[in-house]
Amino acid sequence: MNKYDLHTHTKCSDGSLPVTELIDLAIERGITHLAITDHDTVKAHLQLAANNKFYKDDEINIIKGIELSSQWNNMGIHIVGLNIDVNSTAIETAVAHQTQLRLQRVKTIAKKLTQRGFPDITQGATKLAGDSQIGRPHIAQYMVEEGMVLNVGQAFNKYLGAGKVGDVSNIWPDLEKVVEWINAAGGIAVLAHPSRYKMTRTKRRRLMADFADAGGQAIEVCAGNQVPGVAEEMAALCSEFDFHASVGSDFHNPNYKWVKLGQYPKLPISCRPVWELF
Ligand code: AMP
Ligand code: MN
Ligand code: MN
Ligand code: MN
């Protein structure tokens, strides 16, 4: 029986595990198809290739992926690219662009937080990120270590989460551009965790329509830590907009109790799975 997890992170972005440890854990969990989809980087895939780490089909199938940050109506929207050519010009362009934006964004967020009385964010977060693609979780971690907040959750709730002072989403390329990069890299564009964006039903349907128009082919119907009923709601949107359905835990860290690798709600039977397109 095939078991899919099509949305996961490694230490190359804001996950905690090195890529080979993520894969070992996936094998242990009986996952047969694993997409590694770090934020705005494909370094994990390049590392596997550089170290000649290839897996036999009966061990595990590694699907080359990425999670790209975009903006739509001033809101940060994540698009997962599956089955991309990680060596394509489109992906190289996208990664270089996003990396620059992420480095700039830390400084912008740091400046805003300095005004709130929190100094040295850029230096602290950059050091914590090391070689990883830097993100808000590194800022949050630094704030926790410096006693600026009690925990990562509080850092997001008060300062970094959607709509807060440190949420700088208007720097990202438009949704259309990001979908174009993925398609140019031969990949399938998947709207990540659609239920996690805070918006009205009407607005969510507009997002779906724009995503379909841009060339998006699938949405995540089943994501990690998803409340009951959402999968059915997303399945209905798949029918309406003719999307395929993806499934993925959005795994980051084995210590996070609320999201386990390979864990997400059951895919409604009405859905056409995205792997039909692989
Ligand atoms: P970024 O990619 O830098 O914009 O940061 C977004 C990432 O922060 C997400 O992919 C999650 O891993 C993490 N994140 C978002 N919201 C929260 C939250 N409330 N608590 C902890 N981590 C979060
Ligand atoms: Mn993340
Ligand atoms: Mn995401
Ligand atoms: Mn993710």
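Counting starts at 1 for both ligands and their atoms, in listed order.
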Short N-O contact, Arg136 and Asp14, less than 4.0 angstrom: no

His252, portion touching ligand 1 at heavy-atom distance under 4.0 Å: side chain

Which N, O or S atom of Asp250 lies nearest to the Mn ion (ligand 4), by name: OD1

Polar contact flag for His39 and ligand 1 (N/O pairs, less than 3.5 Å): yes

salt_bridge(Lys43, Asp38) N-O dist < 4.0 Å: no

Residue pair Thr99 / Gln133, side-chain donor-acceptor N/O under 3.5 Å: yes

Under-4.0 Å salt bridge between Arg205 and Asp210: no

Aromatic contact, Phe251 with Tyr256 (centres under 6.0 Å): no

Greater than 12 external heavy atoms within 6.0 Å of Lys260's NZ: yes

Side chain, backbone, both or neither: the part of Leu160 lying under 4.0 Å from ligand 1 by heavy atom: neither

Subset of ligand 1 atoms that lie under 4.0 Å from at least one heavy atom of Arg102: 1 (P), 2 (O), 3 (O)

Sub-4.0 Å atoms of ligand 1 with respect to non-hydrogen atoms of Val152: 21 (C)

N/O/S from His78 sitting under 2.8 Å away from the Mn ion (ligand 4): no

Residue pair Glu67 / His9, side-chain donor-acceptor N/O under 3.5 Å: yes

Short side-chain donor-acceptor distance under 3.5 Å, Asp250 and Thr8: no

Protein contact of atom 7 (C) of ligand 1 - nearest heavy atom, named by residue and atom, plus distance: Asp14 OD2, 3.6 Å

Arg136 N/O to ligand 1 N/O under 3.5 Å: yes

N or O contact, Trp172 vs ligand 1, cut-off under 3.5 Å: no

Contact check, Pro137 vs ligand 1, heavy-atom distance below 4.0 Å: yes

Proximal atoms of ligand 1 relative to Arg105 (non-hydrogen, under 4.0 Å): 1 (P), 3 (O), 4 (O)

Atoms of ligand 1, numbered as shown, that sit under 4.0 Å from any heavy atom of Gly135: 3 (O)

Geometry at the Mn ion (ligand 3) - His193 NE2 versus Glu67 OE2 angle, rounded to 10 degrees: 100°

Residue His9, metal the Mn ion (ligand 4), N/O/S under 2.8 Å: yes

Backbone N/O of Thr32 and side chain of Asn2: donor-acceptor pair under 3.5 Å: no

